[in-house]
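Comments concern the structure below.
Counting from 1, the numbers follow the sequence of the chain as shown. Just so it is clear, the model here is predicted, and its values are computed rather than measured.
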Amino acid sequence: MANKKSAEKSARQTIVRTARNQSVKSACRNAVKKLRAAIASGDKAAAAAAYSAMSSRYDRAVKAGVIHKNSANRRKSSMSKAVKSIA
């Protein structure tokens, strides 16, 4: 338990930030799941649209400081290769 007012406030802020970060990460994971489903179906147009949505999610997560820039770029790159591999 916090002993000072500033520590109590910091604890409250941590709870709010953690919840926000978890929701952003969850949205990123869901976007990747949708993209993988589109790739598995073989629909190139749907995969391209899903990739665009996923890329946007990761860019927003980076902007919010939830995910590191290089990590997001690595994930976007691997998904881009998967989308391009659709015949």
Mind checking whether Lys76 and Asp59 have side chains closer than 4.5 Å, heavy atoms only?
yes

Scanning both residues in full, the closest heavy-atom pair of Ala61 with Val24 reads CB-CG1, 3.6 Å

Check Ala47 against Leu35 and note the closest heavy-atom contact, atom names and distance.
O-CD1, 3.3 Å

Work out which heavy atom in Ala46 is nearest to a heavy atom in Asp43; give both atom names and the distance.
CB-OD2, 3.2 Å

Any chance you could measure Lys5, atom NZ, to Lys9, atom NZ, to the nearest 0.5 Å?
10.5 Å

If I take atom OG from residue Ser80 and atom CZ from residue Arg75, how far apart are they, to the nearest 0.5 angstrom?
16.0 Å

Close side-chain approach of Gln22 to Ser26, heavy-atom, < 4.5 Å
no

Rounding to 0.5 Å, atoms CG (Asn30) and OG (Ser23) come to a distance of 11.0 Å

Heavy-atom nearest pair, Arg57 first then Cys28, reads O-SG, 3.8 Å

Are there more than 12 heavy atoms of other residues, nucleotides or ligands under 6.0 Å from atom CZ of Arg36?
no

Nearest heavy-atom pair of Ile39 and Ala82: which atoms, and what distance?
CD1-CB, 3.6 Å

Any sub-3.5 Å donor-acceptor pair from Ser77's side-chain atoms to Asn73's backbone N or O?
no

Mind listing the closest non-hydrogen atom pair of Ala50 and Ala38 along with its distance?
CB-CB, 4.4 Å

Do side-chain atoms of Ser55 reach the backbone of Tyr51 as a donor and acceptor pair under 3.5 angstrom?
no

ILVMFWY network linking Met54 to Val62, side-chain heavy atoms under 4.5 angstrom:
no

Validation row: Val66, Lys25 side chains within 4.5 angstrom (heavy atoms)
yes

